[in-house]
**Student:** 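Attaching a single structure in structure tokens format; questions to follow.
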Amino acid sequence: MNRAAALLVLGLAGSPVAAGPPPARPLTVTPGALSIMTGQCNGRDLVVGLVNTTRKPIYADAALEADPALHLPRRLISSWLPPGYTRSVPVAVRAAPGAGTGTHHVRVSGGGTSIDVPVRVSAPPPGADLMRLAARVSASSARATGPACAAIDGKTETIWNDATGKRWPDWWQLDWDASHRVSRVEVVTTAEWGLRDWDVQVAVPNGWATVRSVRGNTAVRNVAIFAARRTKSVRIVTLAGNAVNDQSRLAEVVIR
Amino acid sequence: MRLPRRRLFTLGGAALVATLPPPTRAYPFTLGVASGDPLPTGVLLWTRLAPRPLEPAGGLPPVRCPVSWQVAEDSAFRTVVRSGDTVARPEYGHAVHLDVQGLRPGREYFYRFRSGGHLSPVGRTRTAPAKNASPASMRFAIASCQAYGDGYYEAWRHLAADDLDVVFFLGDYIYEGAIDSAGGSRMDTGLRLPDTFELETDTLDLYRMRYALYRTDPDLQAAHAAVPWVLTWDDHEVQDNYAAGTPRFTTVPAADFLVRRANAYRAYWENQPLRPPRQPAGPDMSLYRRFRFGDLAHAYVLDTRQYRSDQACGDSLRANCADRNDPARTLLGVPQRDWLLARMGRSEARWNLLAQQVMMAECRYGGPANRLDMDKWDGYAADRERILALAARHPGTVVLSGDIHYNYAADLRVRPEAPVVGVELVGTSITSGGDGSDTTPQLDMQREYNPHLRLANGQRGYVRCELTRDRLRADYRVMSRVTTRGGTISTRASLVSERARPGLVTA
């Protein structure tokens with residue numbers, strides 16, 4: 001048989017992937033519903049499972065759609081699947097700052113049917129910290145395994161990792177829609193190959209002002225305290241690391 | 001007046017344009033055209049329809065699209081020698097692979113496609129000389145490693161202007177990692193790549209999109225349209241430093257990695273000018289093959305990734321790694337190695353070219369540790385010795401390599417004190433590693449510890465070669481810069497080697 005003819009368009013399935021025998025349905029999405037806050041780094045993942053329930057290898061597709069208030073980084077998943085195999089693919093679901101709050105929908109479909117996932121979108125609460133209120137987080141470059149958001153996800157085991165070894169400087173930046181008063185930038189880097197030299201900068205009308213220069217750091221955690229400034233952006237310009245391969249590694253940034 | 005499609009293609013180029021029906025959709029040839037794997041009477045023609053190339057599926061619905069094609073003896077298409085109709089199928093990402101036969105040996109041809117009322121760019125290709133021909137010379141180039149986010153492809157534009165018979169591309173056509181919205185070091189803020197490109201490629205859709213991004217580059221398109229390519233892959237078409245079924249990070253189960261490899265191989269076949277029999281079966285794809293250029297040269301295109309033993313001693317740079325000499329270890333895998341040795345052993349060509357990925361010559365990294373790289377032939381000493389022992393009995397062995405983003409020229413010996421049996425040309429990257437430099441402390445050290453190296457250079461570019469019956473000439477073409485547009489090209493070094501007395505010397 002021509003392998004192309006084995007291409008399957010997946011049908012509807014609604015149950016999550018469970019431990020034990022392989023699911024009988026060729027498509028799964030977990031969890032069945034999401035709650036997220038607006039903001040580039042406040043999204044959560046859906047995990048789409050493409051399942052080959054047949055006894056032959058197949059190529060399978062899943063199409064994804066979302067309401068305009070939501071952003072998905074991908075609209076199609078295609079994979080080869082050996083018999084009985086499940087390919088699980090995480091897909092980040094995000095809502096931009098200012099996106100409409102309420103319940104919106106993601107649909108994962110194939111074969112004319114679809115799985116509907118309700119996504120409840122809310123704004124960060126008034127008391128949310130400055131990282132949660134970020135409108136945009138960006139970096140000079142990032143590895144696929146080390147995105148810019150990893151530096152404000154509250155987990156030190158995930159890091160922002162630039163993609164240009166031995167090339168300096170690099171930068172990591174957080175922007176708000178409104179200005180905030182900041183006086184403290186805590187940087188958590190890694191125990192091995194951590195950051196050595198960097199500047200903390202805040203946005204000013206004509207560019208950037210350096211509010212603290214850190215040099216010769218070997219600690220995992222470093223706190224920079226400076227005279228309070230009102231600004232819409234904070235940037236960390238990285239200048240050197242403590243390793244021969246010299247990459248920028250930020251585990252967490254906490255701004256107050 | 002509407003003319004039948006066949007009638008359209010008998011008209012000259014200008015007439016053809018004038019009589020095209022109105023376009024039925026957006027321009028679909030955004031990824032250019034290509035030809036490859038030239039034979040004496042045929043060549044593989046390629047294109048892929050993608051009116052919105054940075055979208056999944058190229059912006060096309062999952063339906064078959066008709067495509068017409070022509071091959072002519074002249075760029076104006078006054079003398080069309082072959083033509084026909086085919087379809088671009090969604091299950092192959094709307095790629096078109098046309099195995100055109102019935103052409104004349106050693107001839108230049110021009111080709112183009114038409115779909116939805118749009119004409120593709122015109123490509124130029126060239127068939128191989130007849131099997132029994134005795135060409136006086138051939139011109140080819142080797143190139144490799146074109147990380148999109150590391151710079152612009154202007155080296156390809158210069159290569160396209162060279163009068164070449166064939167290009168050997170030696171791997172790392174794409175890279176699997178993240179590319180930001182400005183294209184990394186390109187810093188092209190007008191690019192605005194979707195954040196899909198920040199995901200590491202692992203599924204078929206992501207590999208397809210990565211090829212689409214690369215092929216939107218006009219300089220790369222120019223190089224594909226100018227000359228037939230013969231391609232092989234290295235590691236980044238799947239994942240950095242993978243070995244057969246072993247992924248870079250061993251926390252990934254083998255079964256999961258093979259699914260990724262299947263997706264990567266499928267996208268590779270779809271996006272390159274390779275014949276349909278090369279199409280992968282799941283995670284397996286046979287890519288090693290031979291091309292003949294009369295009795296002047298036979299080119300053996302090798303695959304050093306799919307069948308290799310896992311890297312010795314944990315990979316990377318190692319000193320005193322005894323396992324690398326284990327005769328059971330193999331870089332090529334036994335079937336491919338036996339195939340190569342058998343065909344080289346009975347080759348009657350003046351030259352045998354081994355177009356492959358990783359550096360074959362011993363390369364000591366110097367200093368007190370004086371380490372060797374376990375990802376290269378240094379980590380697979382038994383396979384290397386078998387090939388070089390055969391080369392000692394067959395004059396005219398030239399190894400062509402890529403992978404490491406440096407230019408090297410090396411004399412090859414079975415053992416350090418033994419006579420030179422062949423030569424190796426290691427080509428630098430097109431962009432990978434950024435601007436680069438003429439030399440580095442590491443290169444200085446390598447020159448000191450590797451007296452068989454005739455050149456070591458860290459700039460970007462390609463190697464342009466000319467083979468005559470008795471002599472090889474290699475021009476190392478290097479770019480002044482690649483991270484910004486407007487870099488200039490120059491010849492950093494020109495080396496020659498005589499067939500009867502192998503050994504590289506300055507031209």
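Remember, predicted model here, so these are calculated numbers, not experimental data.
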**Student:** Restricting to non-hydrogen atoms, name the atom on B:Ser185 and the atom on A:Arg167 that form the minimum distance, rounded to 0.1 Å.
**Tutor:** OG-NH1, 3.2 Å
**Student:** Which one wins on heavy-atom pair count under 4.5 Å against chain A: B:Gly184, B:Pro283, B:Ala182?
**Tutor:** B:Pro283
**Student:** Would you compute the distance between atom CH2 of A:Trp80 and atom CG of B:Leu204 and round it to the nearest 0.5 angstrom?
**Tutor:** 12.5 Å
**Student:** Taking all non-hydrogen atoms of both residues into account, name the closest pair between A:Val89 and B:Thr203 and its distance.
**Tutor:** CG2-CG2, 4.1 Å
**Student:** Under 4.5 Å heavy-atom distance to chain B, tell me which part of A:Ser138 shows up: side chain, backbone, both or neither.
**Tutor:** neither
**Student:** Say you draw a straight line from CZ of B:Arg266 to OG of A:Ser78; how long is it, rounded to the nearest 0.5 Å?
**Tutor:** 9.5 Å
**Student:** Are side-chain N/O atoms of A:Ser141 and B:Asp180 paired as donor and acceptor at under 3.5 Å?
**Tutor:** no
**Student:** Can you confirm whether the side chains of B:Thr196 and A:Arg75 place a donor and an acceptor under 3.5 Å from each other?
**Tutor:** no
**Student:** Could you go through B:Asp195 and A:Arg94, starting from their C-alpha distance and side-chain angles, then the distance that decides it, and tell me whether this counts as side chain to side chain contact (heavy atoms under 4.5 Å, CB included)?
**Tutor:** CA-CA 12 Å; B:Asp195 59 359; A:Arg94 297 174 183 144; 3.5 Å; yes
**Student:** When rounded to the nearest 0.5 angstrom, what distance separates CZ in A:Arg87 from CZ in B:Arg260?
**Tutor:** 8.5 Å
**Student:** Is it true that atom CZ of A:Arg132 has more than 12 heavy atoms of other residues, nucleotides or ligands lying nearer than 6.0 Å?
**Tutor:** no
**Student:** Between B:Asn263 and A:Tyr59, do the side chains contain an N or O donor and an N or O acceptor separated by less than 3.5 Å?
**Tutor:** no
**Student:** Would you call B:Leu206 and A:Arg74 a side-chain contact if the rule is heavy atoms closer than 4.5 Å?
**Tutor:** yes
**Student:** Give the minimum heavy-atom separation between A:Ser79 and B:Val259, together with the two atoms involved.
**Tutor:** OG-CG1, 3.5 Å
**Student:** Once you round to the nearest 0.5 Å, how far does CZ of B:Arg208 lie from CG of A:Leu76?
**Tutor:** 8.0 Å
**Student:** Looking at every non-hydrogen atom in both residues, tell me the closest pair between B:Ala178 and A:Ala142 and how far apart they are.
**Tutor:** CB-O, 3.2 Å
**Student:** Given a strict heavy-atom distance threshold of 4.5 Å, which part of B:Asp202 is in contact with chain A: side chain, backbone, both, or neither?
**Tutor:** both
**Student:** Of the backbone (N, CA, C, O) and the side chain (C-beta and beyond), which part of A:Ala163 lies under 4.5 Å from a heavy atom of chain B, both, or neither?
**Tutor:** neither
